[in-house]
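Note that the coordinates shown come from a computational prediction; the quantities given were computed from them, not determined experimentally.
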There are 2 protein chains.
Amino acid sequence: MLGVWLAPKIGQRLEKTPLVRKLGAFVALSGTELSVLDALHKRRRTFVAGRDLVHQGQLDQAAYILISGWACSYKILEDGQRQIVDFQIPGDFLGLRSVLLHMSDHSIEPITDIEVTEVTVADLLDAFSQTPRLATAVFWAASRDEAMVVEHLIDIGRRAAAERMAHFLLELGARLSLVGLGSKAGFACPLSQYLLADALGLSAVHVNRVLRTLRESGMVTFRDGFVTFDSYSRLTEFAEFDPVYLDHTGPLLR
Amino acid sequence: MLGVWLAPKIGQRLEKTPLVRKLGAFVALSGTELSVLDALHKRRRTFVAGRDLVHQGQLDQAAYILISGWACSYKILEDGQRQIVDFQIPGDFLGLRSVLLHMSDHSIEPITDIEVTEVTVADLLDAFSQTPRLATAVFWAASRDEAMVVEHLIDIGRRAAAERMAHFLLELGARLSLVGLGSKAGFACPLSQYLLADALGLSAVHVNRVLRTLRESGMVTFRDGFVTFDSYSRLTEFAEFDPVYLDHTGPLLR
DNA sequence: CGGGTGTTTGACATTGCTCAACATACGTGG
DNA sequence: CCACGTATGTTGAGCAATGTCAAACACCCG
């Protein structure tokens, strides 16, 4: 009964999930593709903040699609330091690469409580064979994620702490905007200064100082879980932020 | 005539190309797959050292398979600094991600004179549809490359200069061994200290100092275009080098 | 021989880290 | 309600790692 009632509304309902918004920015999706995508969301699960979903070295675990909440993928070094490789926001895949390599080379931790749907390799390949355009969209999304890791590498390798922070916050803002969770005004951000430090290769103390200078110079304010872009234009200039790889006004493939 | 004479030797000949060695480490390849792979190598081209193959921002260029020589992919910042994201050695793809995004987010420069074969998206997709196992192998190789960029990120974000250099040289050695161009004794290496600096996010002067300390502590020597692992075991321990993602004694998929 | 590229070393400047102290908010048990 | 513990944010002082500038040297190649 419920299913029948919902059927005609599937298109509308899906319009709003983060994954659909994101993939829709890459490839114009048909009704069939939307329902195949919908069918992927079978096994819904939730995880609490702070307890690892995936452990470095773990074999053959599943992949997930993040529905709500934030997570991060990271690696721990022997001396206890950690480097956060990337944050995941709603609409992102978790552990897609690990599934292919049959072995996770990193850990994944929920930063907030999160909702996910579990996806097996079989589910994915099945969905892809039904709708090749979907495969294209997912592959593009994966490529974009990789491009972001590259940009992150450049942040850490060649930008000074303040530019690094600025660039990072802008990128996060752009990603969140893509799924409707942010704008050029700012976004809600559950990250602690410790998390920022581990992502940017800085100490937590230095993160604090850098945030202060950025705030005092009137470009961004990060306070009480909100990032506010006080002057988006000056900030982008300061950070040399160039969002080509994220910036689409419409789908690339129609 | 020549073609006929070569035909029965294709299997043997291919056994030796770097790409075949590399993919063979992921997936056991049949004769058919080997010849499909061989057929990809149609448009052979050469490029001289130092002149960019691909420019940041360039649209819709081709991808290449590197046959011989070394290249690097990098990004330039406005202030002239550059960050090298990755080096490419024989058997690696050049610009595979750019092809998918229809836009290159980085530049690629040959470090030595190089030989490549040009591959179009159509060629690739065609090859994949003929032999799905080949697609798997290429996808795995791409995942491994991504894992290496991640490891590089960790190098830069959280390892001190000396450990960073050590880790980087070990990784390069492992990659080269996979295609028969290196061993635990060492490898031929055409990189200048400037290139190392741009890859590791250090200054060239500091690279020089770090190389000296590593040499004086008897772990690695980099001199006259050769990297010599003076004590492979001490070096791996020093660098916390864990080659899980590169280390296969045989194909993962038979 | 001269110019270009890469390496080596020294002196000094700066960035960002460490340690330490204190502030603030929140939850929990008494 | 208070007392306490824990997690996070803030600030200062001193220091270590790394960058910058400058100079000399080695080597190759025309």
Side-chain angles (χ1 to χ4, degrees), chain A residues 48-51 70 72 77 79-84 109-113 155-166 168-169 189-216 220-228, chain B residues 48-51 70 72 77 79-84 109-113 155-166 168 188-217 220-228 238:
Chain A
V48 300
R51 191 173 333 268
W70 290 43
C72 67
L77 302 189
D79 61 3
Q81 290 195 98
R82 88 166 169 178
Q83 175 67 46
I84 292 178
E109 177 190 314
I111 290 169
T112 63
D113 292 350
D155 269 352
I156 294 179
R158 285 296 181 205
R159 284 191 246 261
E163 284 86 343
R164 197 184 302 182
M165 175 69 76
F168 179 76
L169 292 178
C189 177
L191 304 178
S192 71
Q193 294 185 354
Y194 290 92
L195 287 168
L196 283 173
D198 284 342
L200 297 176
L202 298 169
S203 70
V205 172
H206 204 60
V207 163
N208 184 284
R209 291 191 235 272
V210 165
L211 286 174
R212 174 154 56 113
T213 31
L214 288 176
R215 187 186 336 123
E216 285 171 353
V220 226
T221 305
F222 181 15
R223 184 158 268 174
D224 300 325
F226 278 87
V227 171
T228 310
Chain B
V48 300
R51 190 171 334 266
W70 291 43
C72 67
L77 301 189
D79 62 2
Q81 291 195 96
R82 88 165 169 177
Q83 175 67 47
I84 292 178
E109 176 190 316
I111 290 169
T112 63
D113 292 349
D155 268 352
I156 294 178
R158 285 298 181 203
R159 283 190 247 261
E163 283 86 342
R164 197 184 302 182
M165 175 69 76
F168 179 77
C189 178
L191 304 178
S192 72
Q193 294 184 356
Y194 289 92
L195 287 168
L196 283 173
D198 284 342
L200 297 176
L202 298 170
S203 68
V205 173
H206 204 60
V207 163
N208 185 281
R209 290 192 239 271
V210 164
L211 285 174
R212 174 153 55 116
T213 30
L214 288 175
R215 187 187 334 124
E216 285 171 355
S217 67
V220 227
T221 305
F222 180 15
R223 182 159 270 175
D224 301 325
F226 277 88
V227 171
T228 310
F238 175 70

Within the structure shown, what part of the strands sits under 4.0 Å from [X] by heavy-atom distance: base, sugar-phosphate, or nothing?
X: Ala161(B); answer: sugar-phosphate
X: Ala204(A); answer: nothing
X: Leu211(A); answer: nothing

OP1 or OP2 of [N] under 4.0 Å from side-chain N/O of [X]:
X: Arg212(B); N: dT9(C); answer: yes
X: Gln193(B); N: dT5(C); answer: no
X: Asn208(B); N: dT8(C); answer: yes

Comparing Arg158(A) and Arg223(A) on DNA chain D - which has the more 5′ nearest nucleotide: Arg223(A)
Residue mapping more 5' on DNA chain C - nearest nucleotide basis, Phe222(B) or Gly201(A): Phe222(B)
With the side chain of [X] defined as its heavy atoms from C-beta on, choose the nearest nucleotide among [options].
X: Tyr194(B); options: dC17(C), dT18(D), dT7(C); value: dT7(C)
X: Arg209(A); options: dT9(C), dG12(D), dT7(C); value: dG12(D)
X: Val205(A); options: dT18(D), dT20(D), dT18(C); value: dT18(C)

Separation of atom CD in Glu163(B) from atom P in dA17(D), rounded to whole Å: 10 Å
Distance in angstrom units between Glu216(B) CD and dT9(C) P, rounded: 8 Å
